[in-house]
Amino acid sequence: MASPSSAAGAAATAAAVAQPALPTTNADKIYSDVLASFQIPRDKMRLIATHMYSEFVRGLSADGAPIRMIPSYAYAMPTSHETGVYLALDLGGTNFRVCAVTLKGKGQFDVVADKFTIPDSAKVGPGAALFDFIAGAVEQFVHTHDLSAVAASSATGELTMGFTFSFPVKQESVARGALMYWAKGFDCPDVVGQDVVDLLQVALARRAVKVRVVALVNDTVGTLVAHAYKAPATVMGCILGTGTNAAYIEQLAQVTKYRGTPTPTGTMLINTEWGAFDSEGKVLPLTQFDRELDAMSNNGKQQVFEKLISGMYLGEITRRALVHLVEAGALFGGKLSTPLQTVYAFETAYMSTIEADTSPALTAVGQVLADHLAVASTTLTDRQLVKSLVQQIGTRAARLSAVGIFALLEKMGVPESKPVVVAVDGSVWLKYPGFQDRLRAALRELMGPEKAALVSVETAHDGSGTGAALIAALVDKQH
Ligand code: BGC
């Protein structure tokens, strides 16, 4: 990585979170130790970024490295002139969506999308049930939106679809890829090692749905491509949601493990799978709560970076820290409740409500504690302590996200003199109060204000669906 730039002046601004009074008792000391364990000062951020940078390089040179750096086989970026109607499937987070994207050229597009909730029973167990559910949703979508005519008027008599599948896939071509491992609570073991496009195509055929899947896309790659359709200076697509990950534009010559054709010149989009970074916990400052969460998760010692950042886990980290503090007598008069002791009972969305509460009495904080944790009566001090803890955990997530973005920009060697755009999507980015400001402030700390001014971190709308449709359009043109 390039030597640290002179950003000393910007030190630690984003880490500043209102702290309750100084410790006077043992319980107070335990509280302030817990709070401190979530802090990541600037030097530590830079150290993590340096390690991450070398892991990116390692992932580009060999299969099986911790950060997978998966070639997407998407070489081209959109020209903004693509047109036509394409379907997109978006599977990988809390919701599953089917979209019809009408590309209108000049960077303009319309999206019609239906959301479906995947039943928990389909998320774990035999893969056939999951893919049948998905195919059923596509069938329903085609019927509801009367798309049979679009299919009939196409050269093949079928609709063309891009499949956004937001899990680590060993991609073999733009439309083929085998699942490496599940994440985010999904676990259908018989799918691991199988081509997910085949599984989908077979499930669609069983229902005689006239759809041809021509592109398999990670949500980060989709986000990058979709944002580039409107903003050509986009160099990175990043998801900060139920899970986290980023994709970027890499020189093929740098992808030393890549042996395919065409000959390695030009660029390819790389899906980093950065969520797997430092799963050994070598440089990430894991707290006891992170370690406990990892140990009880269904993917222990995997996706550890993701577990510190993403919406699937932030609430549970908070709950564990709260339990510790109650047991130490530092909160709620030392009284535990059943929900407080229930794994995953505290959702990341509650943290957003807590952070958004600026009322003097912290009424909304009290409401969350009463409604969701069955802690009926709290003191103002309790509520202040809870809010500060939540702020610290949310701030850590924002700062680590900035570390990832910084390390990847360094890998690309940008920005030099021209501005670049980082496109971001995901529920944490969109819905967590203050997250965007904290991330941008941490980037300024890492890069220095001048360089950071050349990086525009923007919200990508509808990235994963539109991106898959765009890649489907690009692939379609090649045939
Ligand atoms: C998956 C990635 C995905 C990210 C964001 C992670 O759990 O491994 O493939 O891009 O979540 O959805």
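When a residue number appears, it is its place in the shown sequence, counting from 1. The basis for the numbers below is simple: all heavy atoms, side chains too, and nothing from hydrogens, waters or symmetry mates. First listed ligand is number 1; within each ligand, the first listed atom is number 1.
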**Request:** Determine whether more than 12 heavy atoms belonging to other residues, nucleotides or ligands lie under 6.0 Å from atom CD of Glu280.
**Result:** yes
**Asked** Should the ring pair Phe141 and His145 be called parallel, tilted or perpendicular, given that the plane angle runs from 0 to 90° and is split at 30 and 60?
**Response** tilted
**Request:** May I ask whether Pro168 has any heavy atom positioned less than 4.0 angstrom from an atom of ligand 1?
**Result:** yes
**Message:** Check this for me - ligand 1, Phe167, N or O atoms closer than 3.5 angstrom, yes or no?
**Reply:** yes
**Asked** Going by heavy atoms in the side chains, are Thr348 and Lys431 under 4.5 Å from each other?
**Response** no
**Item:** Tyr432-Glu355 side chain donor-acceptor pair, cut-off 3.5 Å
**Value:** yes
**Asked** Given that the side chain starts at C-beta and the backbone is N, CA, C, O, which of these parts of Thr242 lies under 4.0 Å from ligand 1, counting heavy atoms, or is it both or neither?
**Response** neither
**Asked** Near Ile239, which atoms of ligand 1 are under 4.0 Å from a heavy atom of that residue?
**Response** 5 (C), 12 (O)
**Asked** Which of the listed options, Met180, Glu306, Gln302, holds the heavy atom that is closest to atom 6 (C) of ligand 1?
**Response** Glu306
**Over 12 non-hydrogen atoms of neighbours within 6.0 angstrom of NZ in Lys44** = yes
**Message:** Tell me the nearest of Asp425, Asp219, Leu240 to atom 5 (C) of ligand 1, using heavy-atom distances.
**Reply:** Asp219
**Request:** In sequence, state the C-alpha distance, the side-chain angles, and the governing distance for Lys307 and Asp294, and then conclude on salt bridge (Lys or Arg N to Asp or Glu O under 4.0 Å).
**Result:** CA-CA 8 Å; Lys307 286 174 181 153; Asp294 183 56; 2.6 Å; yes
**Prompt:** Do Lys184 and ligand 1 have an N or O pair less than 3.5 Å apart?
**Reply:** yes
**Request:** With rounding to the nearest 0.5 Å, note down the distance linking CG in Leu216 to CD in Glu172.
**Result:** 10.0 Å
**Asked** Of all the atoms in ligand 1, which lie at a distance below 4.0 Å from a heavy atom belonging to Ala183?
**Response** 7 (O)
**Ligand-side contact atoms (ligand 1) for residue partner Glu273, heavy atom cut-off under 4.0 Å** = 1 (C), 2 (C), 8 (O), 9 (O)
